[in-house]
Amino acid sequence: MACCVQQKCSKKLIGLIRIISVSCALLCIGLCVATAIFIDTAAASLPLAASLFFIWLGVRYAPIYYRNLSYTRARSFFQIERGVFWHKHILIPNSKIQYADLRRSPIERITGTSTIVFFTPGGKITLPGLEPDDAKRLIKLLSQQ
């Protein structure tokens, strides 16, 4: 990877967010049906609204989140840019990275993505949606410094 070139995360991140949001929407729809059958039809409006929110999350939010998520690896720092409503520009000096962890949840394994977690004195910072090979390469580059 060239020095200071901004990289995009894997487009598979959109699929990951959509799988999670559809799962939550189906759970809310089931809750809505159960509430309407066993309690009251008026009380079913809240789970219905929540399911519509999760559907919106998968359809509209996921592509915007992907478009706004990028990272830059340089010799002396690592920069992450992300955010939909609030944009964050996170600059991590290499000297402040205590260690980095590669994580893959079951859903990430299904979608073929992985997450790097950077541990710094100020806390942990995550970089989701990476191809597993890219994540391993970044971890290896960080361990060499």
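Atom set for the values below is all heavy atoms of this structure, side chains included, hydrogens, waters and symmetry mates excluded. Here the structure is a predicted model, which means the values were calculated and not measured.
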Checklist entry - Say you draw a straight line from OG of Ser114 to CG of Leu13; how long is it, rounded to the nearest 0.5 Å? => result 10.5 Å
Next on the checklist: For the NZ atom on Lys124, are there more than 12 heavy atoms of other groups (residues, nucleotides or ligands in this structure) within a distance under 6.0 Å?
Outcome noted: no
Checklist outcome for this item: Given the options Leu141, Asp133, Ile139, Arg137 meets side chain to side chain contact (heavy atoms under 4.5 Å, CB included) only with Leu141
Item to check | 4.5 Å side-chain heavy-atom contact, Phe53 and Tyr61 | outcome: no
Checklist entry - Hey, does the side chain of Lys96 reach the backbone of Pro121 with a donor-acceptor pair shorter than 3.5 angstrom? => result no
Checklist outcome for this item: When rounded to the nearest 0.5 Å, the distance separating NE2 of His89 from OG1 of Thr72 is 10.5 Å
Checklist entry - Would you call Leu130 and Leu127 a side-chain contact if the rule is heavy atoms closer than 4.5 Å? => result yes
Item to check | Counterpart residues, ring-ring contact (aromatic ring centres under 6.0 Å, His included), relative to Tyr66 (two or more places apart) | outcome: none
Next on the checklist: Among residues at least two apart in sequence or on other chains, which ones pass side-chain hydrogen bond (donor to acceptor under 3.5 Å, both in side chains) with Thr113?
Outcome noted: Thr111
Checklist entry - Does the side chain of Leu69 come within less than 4.5 Å of Glu81's, by heavy atoms? => result no
Checklist entry - With sequence neighbours excluded, what pairs up with Glu131 under the salt bridge (Lys or Arg N to Asp or Glu O under 4.0 Å) test? => result Lys12
Next on the checklist: When you compare the side chain of Gln79 with that of Ile90, does any pair of heavy atoms fall below 4.5 Å?
Outcome noted: no
Checklist entry - Looking at Asn94 and Ala74, what are the two nearest heavy atoms and their distance? => result ND2-O, 3.9 Å
Checklist outcome for this item: Value for SG (Cys9) from OH (Tyr65), rounded to nearest 0.5 Å, stands at 8.0 Å
Next on the checklist: Looking at Arg109 and Arg104, would you say the former's side chain and the latter's main chain have a donor-acceptor pair under 3.5 Å?
Outcome noted: yes
Item to check | Non-hydrogen side-chain atoms of Asp134 and Gln7 separated by less than 4.5 Å | outcome: no
Checklist outcome for this item: In this structure, OG of Ser23 is separated from CD1 of Ile107 (nearest 0.5 Å) by 6.0 Å
Next on the checklist: Can you tell me which residue among Phe77, Tyr71, Phe78, Tyr99 is in a ring-ring contact (aromatic ring centres under 6.0 Å, His included) with Phe118?
Outcome noted: Phe78
Checklist outcome for this item: Those residues at least two apart in sequence (or on a different chain) that pass side-chain hydrogen bond (donor to acceptor under 3.5 Å, both in side chains) with Ser70 are Gln6
Checklist entry - Are any of the side-chain heavy atoms of Leu46 and Cys28 separated by less than 4.5 Å? => result no
Checklist entry - Applying the 4.5 Å side-chain criterion to the ILVMFWY set and letting contacts propagate, would Phe38 and Leu48 be lumped into a single cluster? => result no
Item to check | Full working for side chain to side chain contact (heavy atoms under 4.5 Å, CB included) between Ile125 and Val117 | outcome: CA-CA 6 Å; Ile125 300 164; Val117 182; over 6 Å; no
Checklist outcome for this item: Output for pair (Ser51 OG, Leu27 CG), nearest 0.5 Å, gives 10.0 Å
Checklist entry - Is there a chain of hydrophobic side chains (I, L, V, M, F, W, Y, each step under 4.5 Å between heavy atoms) that links Val84 to Ile17? => result yes
Checklist entry - When clusters are formed by joining ILVMFWY residues with side-chain heavy atoms under 4.5 Å apart, either directly or through shared neighbours, do Leu26 and Ile37 land in the same one? => result no
Checklist outcome for this item: By side-chain hydrogen bond (donor to acceptor under 3.5 Å, both in side chains), Thr115 pairs with (sequence neighbours left out) Glu108
Next on the checklist: For a 4.5 angstrom cut-off between non-hydrogen side-chain atoms, does Ile116 reach Leu138?
Outcome noted: yes
Item to check | Separation of Ser76 OG from Leu91 CG (nearest 0.5 Å) | outcome: 8.0 Å
Checklist entry - What residues, two or more places apart in sequence or in another chain, satisfy salt bridge (Lys or Arg N to Asp or Glu O under 4.0 Å) together with Arg103? => result Asp101
Checklist entry - Do Ile80 and Lys88 touch side chain to side chain, with heavy atoms closer than 4.5 Å? => result no
Checklist entry - Minimum heavy-atom separation for Ser21 to Gly58, with atom names? => result OG-CA, 3.1 Å
Checklist entry - Would a hydrophobic clustering, with Ile, Leu, Val, Met, Phe, Trp and Tyr connected at side-chain separations under 4.5 Å, put Leu57 with Ile19? => result yes
Item to check | Under 3.5 Å donor-acceptor, Asn68 side chain and Gly83 backbone | outcome: yes
Checklist entry - Can you hop from Trp56 to Phe54 via hydrophobic side chains spaced under 4.5 Å? => result yes
